[in-house]
Protein chains: 2
Amino acid sequence: MSDADRIFKDSIYEQIARVGRAVAHPRRLELLDLLCQAPMTVEQLAQKSALPIGSASQHLQHLKAARLVIADRQGTYMRYRLKDDLSCSLLHTLKTVAEQYYAEMRVITEDFLMDHQNLQAVSITDIQTRGADDSLTLVDVRPVEEYKAGHWPGAISIPLEALADRLMELPVDHTIVAYCRGPYCLLSLHAVKTLQREGFHAVRLIEGVSDWRARGLPIVLGDAPLK
Amino acid sequence: MSDADRIFKDSIYEQIARVGRAVAHPRRLELLDLLCQAPMTVEQLAQKSALPIGSASQHLQHLKAARLVIADRQGTYMRYRLKDDLSCSLLHTLKTVAEQYYAEMRVITEDFLMDHQNLQAVSITDIQTRGADDSLTLVDVRPVEEYKAGHWPGAISIPLEALADRLMELPVDHTIVAYCRGPYCLLSLHAVKTLQREGFHAVRLIEGVSDWRARGLPIVLGDAPLK
DNA sequence: CAGATATTCCATTGATCAATAGAAAGGTAT
DNA sequence: ATACCTTTCTATTGATCAATGGAATATCTG
């Protein structure tokens, strides 16, 4: 093989490695995961990922340099968002590999859930099969901005923080299905605990919006009529 | 959010980042790409990627630790292979992101191909549409082991090294379609140049076996009858 | 234009990772 | 058992990356 050939290959693999390096840090993955939910400012991202603003900004710069996300100014805020759904698919692929290849993922999840008994979880396919059944109420417990940026058809928005004050909006005779950002987001878990404490029959939906997005399932934008 | 919640999330993202770190280095991507073709020994991998044995071994350890590949001893040789096709899909996703998001990929490829004029390239869909047309001969110019580990149905195996000596096996009135490991492998490029110099009408197939594998297209194993 | 706010830049420190060469380990064959 | 071969381990050096805090920049408001 000639020198020119070698240089060509090195350049190509170097470009692919740019993608790899961008997703080689846990904090950046968390930020990317959040951006799969909705566009957000640095401040929001830092708060939701429990990062100092400076660090969050630096990691976002890194993601921007790898062009997985783009940033645009909105007044004094800087708003970051995914370049497109391919970034979301990339993260989804990485999660799938980790879930398939690392038994640690199961162990970590199971160990954690041991502390939270009585938490029934359902999958989106379960919901779809008993779709005709009308005794389910789907609740999106993420912050409202994320709901507006895309939510499951028919779901109503009650952010976890407001849940305790808005229980009267929920039908007592229904099964309440709470969902959030995905299997590793804990909003729906806490929602279900609250609901059960208040006497509702509540279950947790495993998947989140980004999982549906990566799979090409339908997502509704904007406000939806409350039931 | 409680401390336990934060520890859980950190652990989960740390696991996902293991995947990211494994693919964050150009040399490891090249090794993974090679393993998408066929299982190989450390020596073969080192030779094909122009790496010192020690470095190749170290990078393979890294891939093994991330469980994208597995190793088993065969006599004095150590044979590495992909864990399964999911590793291949992972690499395919990374390539797709790089191709979609980085104009540099196009620039590098175009600059390189400037030095190689008269190189017509066809896609696998082109081949499939004119499938009924019988005037095509598909040639797999990779090393025989890789051909045996999976090749396009109907393709014959003539490794690039043997091509000059085996021209008589090719029909002069056909269009010869050469393929190799993928768009960034240069074996088919050199094959087409050789064939053209010898008076054949030859074109390069853009995709390689790993691209078909990642897409779930049919692949034939073992020796195939020569035409 | 001054003051307030959000974000980025910069410089420093510590940590992790890559490349290399030579020694060691595991396996085969005589 | 010895010699030989392939691969891995170990240690060192240099390079890159992450975290942090404080200064600088950009925008909006009064």
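In what follows, chains carry the letters A, B, and so on, assigned in the order in which the sequence lines appear, proteins first and then strands, with residues in each chain numbered from 1.
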Original post:
Just how far, in rounded Å, is P of C:dT8 from NE2 of A:H62?
Top reply: 15 Å
**OP:** Please check if atom NZ in A:K83 has more than 12 non-hydrogen atoms from other residues, nucleotides or ligands closer than 6.0 Å.
**Re:** yes
Original post:
Is any side-chain N or O of A:H59 closer than 4.0 Å to OP1 or OP2 of D:dA19?
Top reply: yes
Original post:
Are the aromatic ring centres of A:Y147 and A:W152 under 6.0 angstrom apart?
Top reply: no
**OP:** Calculate the interatomic distance between A:Q61 atom CD and C:dC10 atom P; express it in whole Å.
**Re:** 11 Å
Subject >> Between C1' of D:dT8 and CD1 of B:I53, the distance in whole Å >> reply: 11 Å
Original post:
For the side chain of B:H25, counting heavy atoms from C-beta on, which of C:dA19, D:dT7, D:dA19 is nearest?
Top reply: C:dA19
Original post:
Under 30°, 30 to 60°, or over 60°: which ring-plane class applies to A:F112 and B:F8, parallel, tilted or perpendicular?
Top reply: parallel
Original post:
Should A:S57 be listed as having a side-chain N or O under 4.0 Å from OP1 or OP2 of C:dT7?
Top reply: no
Original post:
Does A:Y80 put a side-chain nitrogen or oxygen below 4.0 Å from OP1 or OP2 of C:dT8?
Top reply: yes
Subject >> C:dC10 phosphate, OP1 or OP2, under 4.0 Å from A:Q58 side-chain N/O >> reply: no
**OP:** Take the protein atom OH of A:Y77 and the nucleotide atom P of D:dT29, then report the distance between them rounded to whole Å.
**Re:** 11 Å
Original post:
If you measure from the Lys or Arg side-chain nitrogens to the Asp or Glu carboxylate oxygens, is any gap between A:R181 and A:D211 under 4.0 Å?
Top reply: no
Original post:
Which one, C:dA6, D:dA26, D:dA19, comes nearest to the side chain of A:R73?
Top reply: D:dA26
Original post:
Given axes from five pairs at either end, by how many degrees does the helix from C:dC1-D:dG30 to C:dT30-D:dA1 bend, rounded to 10°?
Top reply: 30°
**OP:** May I ask you to verify if any side-chain N or O of B:R28 is less than 4.0 angstrom from the OP1 or OP2 atom of C:dA18?
**Re:** yes
